[in-house]
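Residue numbers run from 1 in the order of the sequence given. In each ligand, atom 1 is the first atom listed, and ligand 1 is the first ligand listed. Keep in mind that this is a model prediction, so the values were computed, not measured.
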Amino acid sequence: MPEEIPSLPASFFEQLRGRGLIEIADRVLAPYLDDLESHERRALIEDALDFEIPLIELGDGTYVLELFHGPTLAFKDVGARFMARLVARSIRERPRALTVLVATSGDTGSAVAQAFFGLDGIRVAILYPEGKVSRIQEQQFTTLGGNVRALAVQGDFDDCQGLVKEALVEPELRAELGLTSANSINVARLLPQMVYYFYAMAQLPTGGPSPVFSTPSGNFGNLTAGLMARAMGLGCSGFVAATNANDSVPRYLESGRFEPRPARATISSAMDVGDPSNFQRILELFGGDAERLRAVVSGSRHSDEETRGAIREVYKKHGYVLDPHTAVGYLGLRRWSQGRQGRRRLEPLGEEVPGVVLATAHPAKFREEIEATLGIAIEIPERLARCLELPGKSIPIRPCLEDLEAALRA
Ligand SMILES: *Cc1c(COP(=O)(O)O)cnc(C)c1O
């Protein structure tokens with residue numbers, strides 16, 4: 001966690017509507033980057049956030065915030081590009097070889113690999129659950145080569161994440177290989193994610209009440225960033241923690257007990273996380289008080305069948321194609337609007353409260369699923385098509401530190 005989360009001044013919010021992404025990012029991130037000169041900070045932000053984040057209106061007060069226009073077509077580019085540039089800057093000042101460990105359920109791997117690819121003095125090891133990521137995702141991080149190494153772990157995402165944590169707390173290994181993490185354990189990934197919550201606000205029509213944000217969640221970095229933005233003063237009518245069958249957080253919100261379970265495979269596979277590591281940060285933001293958390297965050301869990309239904313419904317109604325993750329967010333918003341859970345804050349959405357669904361991936365990343373669900377052909381963007389042609393390379397390992405060490409030393 002940042003030592004302190006400062007509030008932004010009222011003047012920032014008064015002048016928010018219509019402001020540009022870079023300007024907002026510069027204001028929001030400045031307090032966390034106080035060891036950078038302002039021109040250096042601005043250049044880093046411009047370089048990291050060099051793509052659009054448009055807010056698309058579907059109708060009925062429902063908006064989609066498209067976070068997937070970066071190089072790997074998923075929202076993780078936002079955090080990964082920012083973090084990579086900070087890390088590159090820090091080793092420029094203190095030269096020493098660095099190995100970045102990344103556990104991925106699919107999209108983090110490609111975003112982080114892309115972000116660090118070709119940077120001097122940095123090696124990247126991507127740990128992914130063998131056979132549990134889509135072919136497109138696997139191609140995106142196994143075809144880069146160079147300073148990027150892909151490790152196919154015989155296990156699930158939680159095994160990969162567990163292995164990274166295990167390696168990071170081994171002082172000798174950590175020092176010898178200069179290990180660092182690039183998962184949302186690393187706060188440098190969370191910070192820039194706050195920015196787009198403010199930017200969504202800047203793109204909404206003026207005058208209405210504050211929106212509700214529905215965040216399709218797996219490891220809960222994205223939602224944590226939204227809650228940190230709220231702590232900085234972002235006005236909102238609430239957040240929806242929307243999940244697939246991996247519902248540890250929605251269950252916590254119901255029962256007040258956090259009981260992680262092994263991950264289950266779903267069609268929104270980048271959210272197949274049984275033990276989300278950012279949950280502790282969320283609790284911290286609310287002083288560990290479930291009641292205070294419930295007043296702001298509603299949980300919503302959705303099956304694969306519901307998810308496919310939402311993809312069909314939105315396509316039919318609005319001609320807009322949701323990817324399976326964003327579809328879970330859409331369902332979460334709809335349930336919030338209907339107030340199904342019978343909670344205090346779940347007043348009907350009506351026309352007043354705008355609903356913003358965070359769109360976390362381009363539908364082409366999950367083309368097979370979308371084509372089967374909608375019966376239409378999904379065009380693959382050029383940058384994705386290119387890496388599908390290349391031969392991929394990965395090293396198979398068991399989920400144990402011994403194998404990880406061997407693969408890192410090889
Ligand atoms: C990683 C990912 C998520 C989940 O985000 P968290 O910050 O881990 O909750 C959702 N959708 C897609 C497409 C992702 O890649």
Side-chain angles (χ1 to χ4, degrees), residues 64-80 83 102-114 126 128-129 132-134 136-138 140-141 157-158 160-161 181-187 189-194 196-197 213-229 239-244 246-250 263 266-282 297 299-302 307 311 321-332 357-367 369-370 384:
V64 175
L65 185 65
E66 292 187 345
L67 303 170
F68 53 69
H69 295 283
T72 71
L73 306 178
F75 86 101
K76 296 207 170 67
D77 286 324
V78 174
M83 179 192 62
V102 202
T104 184
S105 57
D107 284 336
T108 303
S110 49
V112 172
Q114 266 290 342
I126 311 282
Y128 71 102
K132 294 195 173 75
V133 304
S134 79
I136 289 182
Q137 289 173 327
E138 190 168 16
Q140 280 187 306
F141 53 75
F157 171 74
D158 293 308
C160 298
Q161 181 155 267
S181 129
N183 279 98
S184 40
I185 305 169
N186 189 320
V187 76
R189 268 188 54 194
L190 291 186
L191 296 174
Q193 291 183 239
M194 292 189 289
Y196 49 68
Y197 286 89
F213 290 99
S214 182
T215 308
S217 295
N219 215 11
F220 282 82
N222 206 357
L223 182 63
T224 303
L227 296 171
M228 281 165 52
F239 289 88
V240 184
T243 71
N244 57 30
N246 296 284
D247 60 349
S248 303
V249 171
T266 73
I267 59 168
S268 45
S269 54
M271 309 193 322
D272 293 349
V273 183
D275 188 1
S277 63
N278 285 294
F279 180 68
Q280 294 304 328
R281 285 188 170 128
I282 292 180
V297 180
S300 200
R301 152 192 53 238
H302 303 281
T307 305
I311 293 169
V321 181
L322 299 172
D323 94 284
H325 305 78
T326 309
V328 170
Y330 176 84
L331 287 163
V357 179
L358 274 67
T360 49
H362 190 292
K365 286 199 93 164
F366 303 92
R367 184 170 66 140
E369 183 59 45
I370 303 294
L384 206 52

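- Asn278 and Asn219 share no side-chain donor-acceptor pair at under 3.5 Å.
- For Gln193, no nitrogen or oxygen atom sits less than 3.5 Å from a nitrogen or oxygen atom of ligand 1, counting backbone and side chain alike.
- A distance of 8.5 Å separates CE of Met271 from CG of Asn246, quoted to the nearest 0.5 Å.
- When all heavy atoms of Ser105 and Gln137 are compared, the pair lying nearest together is O-OE1, 4.2 Å.
- Note: no N/O pair closer than 3.5 Å links Ala361 and ligand 1 by distance alone.
- Using a 4.5 Å cut-off on side-chain heavy atoms (C-beta onward), Phe213 and Asn222 make no contact.
- Contact atoms of ligand 1 toward Met271: 3 (C), 10 (C) (distance under 4.0 Å to a heavy atom of the residue).
- Taking the side chain as every heavy atom from C-beta outward, Phe75 and Leu358 never approach each other to under 4.5 Å.
- Considering backbone and side-chain N/O atoms, Lys76 comes within less than 3.5 Å of an N/O atom of ligand 1.
- Tested against Glu369, the residues Asp323, Thr307, Ile267 include a single side-chain contact (heavy atoms from CB on, under 4.5 Å) partner, Ile267.
- For ligand 1, the atoms closer than 4.0 angstrom to any heavy atom of Ala270 are 1 (C), 2 (C), 12 (C), 14 (C), 15 (O).
- Between Gly218 and ligand 1, an N or O atom pair is found at a separation short of 3.5 Å.
- In plain terms, the two heavy atoms of Val133 and Phe141 that are nearest each other are CG2-CZ, 4.4 Å.
- Among all heavy-atom pairs drawn from His325 and Thr360, the shortest one is CB-OG1, 3.4 Å.
- Near Asn222, the atoms of ligand 1 lying under 4.0 angstrom from a non-hydrogen atom of the residue are 7 (O).
- At least one N/O-N/O distance between Phe220 and ligand 1 falls below 3.5 Å.
- Residue Thr360 has at least one N or O atom closer than 3.5 Å to an N or O atom of ligand 1.
- In this structure, Pro216 is part of the shell of residues with a heavy atom less than 4.0 angstrom from ligand 1.
- Heavy-atom distances between Phe68 and ligand 1 stay at or above 4.0 Å for every pair.
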Using the side chain to side chain donor-acceptor pair (under 3.5 Å) rule, take Ser268 and Thr266 through it: C-alpha gap first, then chi angles, then the decisive distance, then the call. CA-CA 5 Å; Ser268 45; Thr266 73; 3.3 Å; yes

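- Numbered from 1 in the order shown, with element, the atoms of ligand 1 that lie under 4.0 Å from a heavy atom of Asn219 read 6 (P), 8 (O), 9 (O).
- In summary, the atoms of ligand 1 found under 4.0 Å from a heavy atom of Ser217, numbered by their order in the structure, are 9 (O).
- No N or O atom of His325 sits closer than 3.5 Å to an N or O atom of ligand 1.
- Closest approach of Asn244 to Arg301, counting heavy atoms only: O-CG, 3.8 Å.
- Close approach of ligand 1 to Gly221 is summarised as follows: ligand atoms under 4.0 Å from at least one heavy atom of the residue are 6 (P), 7 (O), 9 (O).
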